[in-house]
Amino acid sequence: VQLQASGGGLVQAGASLRLACVVSGLGRTFNNYGMGWFRQAPGKEREFIAAIDWSSTARFYADSVQGRFSVSRDNAKNTVTLEMNSVNRDDTAVYFCAAKMDFAATYRWDRAQPPYDMDYWGKGTQVTVSS
């Protein structure tokens, strides 16, 4: 199983950015996984920022990105997307996508604490916000 995140780069504060995570190796079982986005800034612990359950019924966001970021998924393409709006310098980090088996959609992403109990992790994509 591989999770490939892309879309990172250098952007100015206030801009928008879209990250994508393509999952390979799960096939149709991708539908059994909740998908999350995490980020890790230099010298800081990895933190949860957004997640979506397998059916797109429930979405979870960290307070720091609520109202600015939006997570979505396309189960036909095994892809999850993170729309980032009004970015600021605090959003500078390496962004990781992760998958957690959760066909019952009961996992409370917003209560997750490190070390995060994910089944699969991607390698991350760097987002740098300049002022």
Side-chain angles (χ1 to χ4, degrees):
V1 178
Q2 290 188 332
L3 283 67
Q4 182 64 54
S6 63
L10 175 63
V11 295
Q12 289 190 329
S16 297
L17 200 63
R18 174 185 289 185
L19 304 184
C21 175
V22 179
V23 180
S24 59
L26 286 179
R28 289 185 177 181
T29 63
F30 176 73
N31 294 2
N32 294 334
Y33 286 80
M35 295 297 300
W37 287 95
F38 298 76
R39 68 186 180 188
Q40 188 164 15
K44 294 187 177 181
E45 198 169 35
R46 188 170 298 190
E47 64 171 343
F48 162 78
I49 56 170
I52 186 168
D53 73 0
W54 71 269
S55 65
S56 300
T57 300
R59 292 171 170 82
F60 304 88
Y61 298 97
D63 290 343
S64 59
V65 305
Q66 179 76 46
R68 299 188 299 121
F69 290 11
S70 178
V71 61
S72 60
R73 66 188 290 162
D74 185 339
N75 287 348
K77 297 180 179 180
N78 285 20
T79 299
V80 60
T81 300
L82 183 70
E83 298 276 358
M84 304 168 59
N85 298 309
S86 303
V87 297
N88 56 59
R89 293 189 66 180
D90 290 338
D91 296 320
T92 294
V94 178
Y95 283 70
F96 301 88
C97 57
K100 181 169 180 64
M101 169 68 79
D102 186 28
F103 56 84
T106 58
Y107 185 71
R108 289 301 305 268
W109 292 82
D110 52 339
R111 296 179 182 175
Q113 296 292 327
Y116 301 103
D117 183 24
M118 299 293 108
D119 293 299
Y120 303 104
W121 287 95
K123 290 187 177 180
T125 183
Q126 175 71 47
V127 173
T128 303
V129 181
S130 63
S131 59

A.B. asks: Side chain of N75, backbone of N31: donor and acceptor closer than 3.5 Å?
C.D. replies: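 Side chain of N75 to backbone of N31: no pair is present.
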A.B. asks: Is there side-chain contact between W54 and D102, with heavy atoms separated by less than 4.5 Å?
C.D. replies: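 W54 vs D102: side chains apart.
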A.B. asks: Could you give the distance from CG (D74) to OG1 (T81), rounded to the nearest 0.5 Å?
C.D. replies: 8.0 Å
A.B. asks: Taking K77's backbone N and O only, do any of them form a donor-acceptor pair with T79's side chain (distance below 3.5 Å, no angle check)?
C.D. replies: yes
A.B. asks: Begin from the C-alpha positions of W109 and R59 and carry the test side chain to side chain contact (heavy atoms under 4.5 Å, CB included) through to its verdict.
C.D. replies: CA-CA 9 Å; W109 292 82; R59 292 171 170 82; over 6 Å; no
A.B. asks: Show the nearest heavy-atom pair for residues Y107 and F60, with the distance to one decimal.
C.D. replies: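 Here Y107 and F60 meet closest at O-CZ, 3.9 Å.
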A.B. asks: At their closest point, which heavy atom of R89 faces which heavy atom of S131, and how far apart are they?
C.D. replies: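 Closest heavy-atom pair between R89 and S131: CD-CB, 3.6 Å.
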A.B. asks: Is the side chain of D119 donor-acceptor paired with the backbone N or O of M101 at a distance under 3.5 Å, no angle test?
C.D. replies: yes
A.B. asks: Measuring from atom CG of L3 to atom NZ of K123, what distance do you get when rounded to the nearest 0.5 angstrom?
C.D. replies: 11.5 Å
A.B. asks: For residues 3-17, which residue pairs qualify under side-chain hydrogen bond (donor to acceptor under 3.5 Å, both in side chains), counting only residues two or more places apart or in two chains?
C.D. replies: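 Output for this query lists S16-N85.
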A.B. asks: Could you check if a side-chain atom of Y120 sits within less than 4.5 angstrom of a side-chain atom of V23, using non-hydrogen atoms only?
C.D. replies: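 No - every pair of side-chain heavy atoms lies 4.5 Å or more apart.
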A.B. asks: Name the residue from Q126, Q40, M84 that meets the side chain to side chain contact (heavy atoms under 4.5 Å, CB included) definition with Y95.
C.D. replies: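 The single option meeting the side chain to side chain contact (heavy atoms under 4.5 Å, CB included) with Y95 is M84.
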A.B. asks: Do P114 and F48 touch side chain to side chain, with heavy atoms closer than 4.5 Å?
C.D. replies: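 No - every pair of side-chain heavy atoms lies 4.5 Å or more apart.
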A.B. asks: Taking a hydrophobic cluster as the set of Ile, Leu, Val, Met, Phe, Trp and Tyr residues connected by side-chain heavy atoms closer than 4.5 Å, whether directly or through intermediates, do V94 and V80 fall within one such cluster?
C.D. replies: no
A.B. asks: Just jot down the ring pair (Phe, Tyr, Trp, His ring centres under 6.0 Å) partners of F30, sequence neighbours excluded, or say none.
C.D. replies: none
A.B. asks: Ring-plane angle category for W121 and F96, please: parallel below 30°, perpendicular beyond 60°, tilted otherwise.
C.D. replies: perpendicular
A.B. asks: Give me the atom names and distance for the closest heavy-atom approach of A93 to R39.
C.D. replies: CB-CB, 3.8 Å
A.B. asks: Strictly distance-based, threshold 3.5 Å: is any side-chain N or O of Y116 a donor or acceptor partner for the main-chain N or O of F38?
C.D. replies: no
A.B. asks: Which value, rounded to the nearest 0.5 Å, describes the distance between C97 atom SG and M118 atom CE?
C.D. replies: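 Here the rounded value is 11.5 Å.
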A.B. asks: Restricting to side-chain hydrogen bond (donor to acceptor under 3.5 Å, both in side chains), what partner residues turn up for Q66, sequence neighbours left out?
C.D. replies: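 In terms of side-chain hydrogen bond (donor to acceptor under 3.5 Å, both in side chains), with neighbours along the sequence ignored, Q66 is linked to no residue.
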A.B. asks: So how far is it from K44 NZ to T92 OG1, rounded to the nearest 0.5 Å?
C.D. replies: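 Going from the NZ atom of K44 to the OG1 atom of T92 covers 10.0 Å.
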A.B. asks: Just by modelled atom types, is the A50 backbone N or O under 3.5 Å from a matching donor or acceptor in the W37 side chain?
C.D. replies: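 No; judged by distance alone, with no hydrogens or angles, the pair does not exist.
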A.B. asks: When you measure from the side chain of N78 to the backbone N and O of G27, does any donor-acceptor pair fall under 3.5 Å?
C.D. replies: yes
A.B. asks: On a heavy-atom basis, which atom in R73 and which in S56 lie closest, and how many Å separate them?
C.D. replies: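 Heavy-atom minimum between the residues: CG-OG, 3.2 Å.
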A.B. asks: Would you say L10 ends up clustered with L19 if hydrophobic residues are merged whenever their side chains have heavy atoms under 4.5 Å apart, either directly or through other cluster members?
C.D. replies: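 The answer is no; the residues belong to distinct hydrophobic clusters.
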A.B. asks: Rounded to the nearest 0.5 Å, how far apart are CG of L82 and CE of M35?
C.D. replies: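 Atom-to-atom, L82:CG and M35:CE are 11.5 Å apart.
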A.B. asks: How close do A51 and V71 get, heavy atom to heavy atom, and via which atoms?
C.D. replies: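 Heavy-atom minimum between the residues: O-CG1, 3.4 Å.
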A.B. asks: Taking C-beta and beyond as the side chain, do V127 and V87 meet within less than 4.5 Å on heavy atoms?
C.D. replies: no
A.B. asks: Minimum heavy-atom separation for A105 and D53, please, with both atom names.
C.D. replies: CB-OD2, 3.8 Å
